[in-house]
Amino acid sequence: MTNQQTWIGKSVHRVDAPAKLKGEPVYMTDRPLENPCFGRVLRSRYPHARILRIDTAKASALPGVICVLTHKDVPGLNGFGIVIPDQPVLCFDKVRMMGDALALVAAETPEIAAAALDLIEVDYEPLPIVDDALAAIMPGSPLVHETGNIHLRTVIRRGEVAQAFAEAAVVVDHVYFTPRQAHMFLETEGGVGQLMPNGELHIWCPAQAAFRDRLQVARLLGWDPERIREYSSPSGGAFGGKDELTVQHYLALLALHTGGRPVKIHLSREESTVAGIKRHPFMVQMRTAAAADGTFLAQEAFVVADTGAYASLGGPVLNLAIEHIGGVYRFPSLNVEGYCVYTNNGISGAFRGFGVPQVLVALESNIDEIARRLGRDPLDLRRQNLIQRGDLSAIGNPMTTGVGNQAVLEALENSPTWKERTAKKAAVTDPWKRRGVGIGLCMQGLGLGKGIPDYGAAVIELLPGGKFKVGISIQEIGTGNQTAYAQFAAEALGCDVADVEVIQGDTGYSADAGTVTATRSVFTGGKAIQITAEKMVALLRSTGAESYAAAYAVARERGLETKVRGSFAWPEADEEIPGAFGLPHHIYGYGAQAALVEVDTLTGEVQVLEVASVVDTGKSINPMGVEGQSEGGVAQGVGLALMEDTVVREGRFLNANMSNYIIPTAGDVPKVETFIVEVHEEKGPSGAKGMGEVPIVPTMPAIFGAIYDAVGVQMFRAPATPERVYMAMMGDPSATEDTPALRARIAEGRRAGLAAQLHQTEGEGYAQPKGPEDEEA
Amino acid sequence: MLQADVPVYTPATLAEARQLLQEPGTRPVAGGTDAMVRFKDGVWRPTAWVNLLRLRGELAYIREDGDWLEVGALTTFSELLASRVVRERAPLLAKAVRTVGGPAIRNMGTIGGNIGTASPAGDSLPALYALDAEVLVNGVTTIGIAELMLGPGRLKLQAGDLITGVRFRAQAPDEVCTFEKLGLRAAHAISLASVAVRLAPGMARVALGAVAPTVIRVPDAEAALVAGHAAAAAAAAQEAARPISDVRASAEYRRAMAGNLLLRGLMRMLGPNLVSPIGGDPR
Ligand SMILES: Cc1cc2nc3c(=O)[nH]c(=O)nc-3n(C[C@H](O)[C@H](O)[C@H](O)COP(=O)(O)OP(=O)(O)OC[C@H]3O[C@@H](n4cnc5c(N)ncnc54)[C@H](O)[C@@H]3O)c2cc1C
């Protein structure tokens, strides 16, 4: 783009920085309240049990208790869930996970509320549990839901797979496991609910989907959504973990029983870990074939995702993973079969990357091995197989939008981490340590995908003095989109960023622009603001005024509407992928990373020393913001690769707080150098795409590749803790999980899954796709 | 009893504090970095807290007494690190203390509290064992650190007893020492295994942390080191370890690390050529 821009592309300081830096109570769970009362949620004592009796009499009688509610107090639909409402608001017949809610208490103090929870009597009849996703598919497994444990099965086949494997010079076949990563946002789930004097219910709750939340709350109350107002921004981090309802439903129910007093719930870290959404743990068996000249021939995968007790976004997570099973490479043939299954292991849902990191580590690790076996440079082999614009992706999607692969790979190749790798590796200080460099390339579908309604909308209001208020439902969850929105508005309106106030996440003011997920927020908000700003410019013209300040006066005088609205629909692919709900995407973000690690051969400790992080953003709206997202993505990726896992044994959580759930500290996060590549996206606002999820996706494979480069062992299970790395280096046979027994279980799982698919009734909410050639599986 | 109902007394003198602690069910609190965590979790629910803050005038000090050093129980980790006396005359303790938590924890956490918690993973403890430290009780009696530690969270103290300080001989200028800690990340990490080592001609001290119910000294490893056998010392350390498996690590790994951390420490102190690594070159 050659035209001069004032705000777009500038590293504008974040508009929300001063208050956050000063420690002001910007988050809704920190704000002081007048005459509050405090809510608590009674969680299950068993991961799977029938509920025989709930008695709240003693709790209700405790002085200081305001109300105690159970399923009997849910006036509307006792269920919620983004795709299918299979999660009870308050359980009535049985519990399926430790985080299940049975009752709510409001009391004068948090401690009285806690004491009241202890007084609620619940009789359970414990049921057998299923805590292994592969086992959940097998016949005879305990059923989490009566309809069966398979929430979704997706199969995509393309090309002559069997022939390709027969003709291949190299076939690599491994099984990988990824962890139940927790979002560990700074601000745990919480909020405030209040019945207002005008009869409206107001909910202040950090969230990611204000209008959808409102709809879900209206459904469970049996109310008109218009009577509910959710304030959902800002959030002290979300990363997908606040995409589903978190506490809004509890706040809504309690607020109807507190006599108009505000009721506050704020989960402890432990409760957040047990009850909140997690990243889906995946098992990925992946078989990749290449010709002697390095051309990739076929990709075959069997994927099992553990969604825990309820669906939430498990189906779409599985499908996005499957969409990216071939990464950024051409694969003329593909055979992928995926399951998203119920277990009693808490609940999984949306998390930055949305299934893609889980499969990319398998793909990129397989590719590294192909390179080694063919004696090829790993970067060069990747280059040879990159998708070009106009090619089909592995699932057969024509890639017609801005493909950033080539530019991203070149930037990676030129990064000091890759270019100077030989010298950097030799610079190891202690002789018992070894250094290595690894790489990972990725793409990430942006927006919600084919066939899923995906719209953007904004309002812009002209204020006295020629200032503006921009209303958009998409929340500020810490990514900096508030600043980007101010930049878009200032650019389009020809004003200063300081003259724009951005109101986010308020259903009473902002237009419904959907969720802050799927790396869609800059694209959606930017486009919506640009379209809406045109109407504001038209308003200015219609007044004949020279300035907005003058226009405001004229508009008031003539009684003109000073608030304008605009909306648009996301571009989507022409053809859907049969049998795969929501696939394909149309626009993708691209990224690549090189990681330099140092492994202590005496302990297995891995220190990530530096990461070169390349992101194709389309036009970078705020390069400083992009760097922030890139560094944060790498930090979270380091955690995913090396440290983080919510350990659940027999349905119970073993490391629910941050003394044992390990996330990286400043001392563990490498030096990150970010390289921005701008491959123009003509359908995006000012050529922008989006990038928020991209930087977490290639980190794990880059680190795994670097560990191999350093000490010659491939990690197959994340996180690669010191113990796992050490045991692998020692050649400990128990470190190898890919045994004949596992292969036999996988084969059995495939047979059982197919059989179940043929018998299981269709899922409640959306099509259960059937592969065309299922019979041969 | 609700948390908010637990009274906190803040005595002004040691005598007053001891008086308050005679009351059954009371518990002292110094920096509170362990106490608050366990209080919140309901693990510790004393009938009253006896807050030692105002005893800092009496009990926060670092004193030289000829060959001996004495550290008051309420001395914080940050104060220990800031002390030139500690850095120069008890470098092992300084090395250990540097690995505790992060700056905020070191600003609040005290050495008396580290002893009081009696965790086998307490990071100052292996150093104190290797220094043959004596713990001062009520300002009058002393007890050897190893004798004091009975097990996780258990000390050989009477109700109302307060730890008032800890004393040990200063390290000799010609000795070398190291503290090797293995945790799951760079800071704010609970030790999976740790080793404190001191070496001088004819003298060796090896203490292991987090691989047994208490910190342990390993006489066989010490003897092997005096005889110049690094690998034998490492094997003795592994032999002596009685680790557990938990969510952080397996017993098997912890046992291996007891030896490897000792080797790593020896290589760091003496140079890698003196020691052939059992980790080897995996390729
Ligand atoms: C985030 C975090 C990180 C941590 N990291 C580490 C680490 O890396 N390494 C490590 O070793 N520890 C670590 N700890 C634990 C803790 O900081 C230390 O054990 C510290 O030394 C405790 O000292 P304190 O003064 O805070 O003790 P307190 O919490 O006040 O007391 C601890 C116990 O000792 C008793 N006590 C305190 N003073 C006395 C006394 N004078 N006489 C008798 N009994 C007494 C108390 O009654 C209580 O039982 C960490 C803690 C946290 C919260």
Side-chain angles (χ1 to χ4, degrees), chain A residues 64 109-112 114-115 268-270 430-434 599-605 607-608 638-639 642-647 649 653-669 708-713 719 721-732 734, chain B residues 1-6 33-34 37-38 40-42 99 101-103 105 121 180-190 192-195 234 245-254 256-268 271-273 275-283:
Chain A
T109 69
E111 278 201 280
I112 296 173
S268 68
R269 182 61 66 183
E270 289 83 354
D430 296 316
W432 59 90
K433 293 180 178 166
R434 301 278 181 275
V599 183
D600 186 322
T601 60
L602 288 168
T603 60
E605 289 166 283
Q607 174 85 45
V608 185
V638 167
L642 299 179
M643 302 170 186
E644 298 188 41
D645 190 9
T646 314
V647 181
R649 298 256 161 78
F653 289 69
L654 301 190
N655 56 346
N657 70 32
M658 294 181 90
S659 63
N660 278 331
Y661 184 93
I662 305 295
I663 64 169
T665 66
D668 302 287
V669 174
Y708 188 96
D709 191 40
V711 294
V713 297
T721 57
E723 175 165 359
R724 290 196 178 126
V725 174
Y726 180 77
M727 293 302 181
M729 282 191 297
M730 291 296 108
D732 180 339
S734 72
Chain B
M1 184 154 62
L2 297 181
Q3 262 186 40
D5 296 335
V6 177
T33 58
D34 279 320
V37 176
R38 287 166 175 75
K40 189 195 103 193
D41 291 347
T99 71
I105 294 296
E180 301 292 325
K181 166 172 172 173
L182 175 63
L184 290 174
R185 61 181 160 201
H188 283 299
I190 303 172
L192 298 180
S194 66
V195 181
S245 289
D246 63 12
V247 68
R248 290 187 281 268
S250 72
E252 184 193 2
Y253 176 64
R254 282 193 166 100
M257 290 307 103
N260 283 14
L261 289 177
L262 176 55
L263 283 180
R264 188 169 85 180
L266 294 173
M267 285 196 273
R268 219 191 285 284
N273 298 336
V275 186
S276 58
I278 56 172
D281 187 336
R283 275 199 279 197

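Every chain is numbered from 1, with letters handed out A, B, ... down the list of sequences. Computed from a predicted structure; not experimentally measured. Scope of the values below: all heavy atoms of this structure, side chains included, with no hydrogens, waters or symmetry mates.
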Proximity breakdown for [X] and chain B, heavy-atom pairs closer than 4.5 Å:
X         : result
Met658(A) : backbone
Asp668(A) : both
Asp732(A) : side chain
Pro722(A) : both
Leu642(A) : neither

Charged N to carboxylate O under 4.0 angstrom, Asp600(A) versus Arg264(B)?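 Salt bridge between Asp600(A) and Arg264(B), a charged N being under 4.0 Å from a carboxylate O: yes.
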
Ion pair Arg38(B)/Asp41(B), N-O distance below 4.0 Å: no

Could you tell me which portion of [X] (side chain, backbone, both or neither) has an atom closer than 4.5 angstrom to a non-hydrogen atom of chain A?
X         : result
Leu184(B) : both
Arg254(B) : neither
Leu192(B) : neither

Those residues that, when tested against Arg269(A), pass salt bridge (Lys or Arg N to Asp or Glu O under 4.0 Å) (two or more places apart): none

Looking at Thr665(A), Thr721(A), Val647(A), which has the largest count of heavy-atom pairs under 4.5 Å with chain B?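 Sorted descending by pairs with chain B, the first entry is Thr665(A).
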
Below 4.5 Å, heavy atoms only, C-beta onward: do [X] and [Y] meet side chain to side chain?
X         : Y         : result
Thr603(A) : Tyr726(A) : no
Ile105(B) : His188(B) : yes
Lys181(B) : Val195(B) : no

Checking side-chain polar atoms at under 3.5 Å, does Glu723(A) have a donor or acceptor matched by the opposite partner on Ser250(B)?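 Yes, side-chain donor-acceptor contact under 3.5 Å.
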
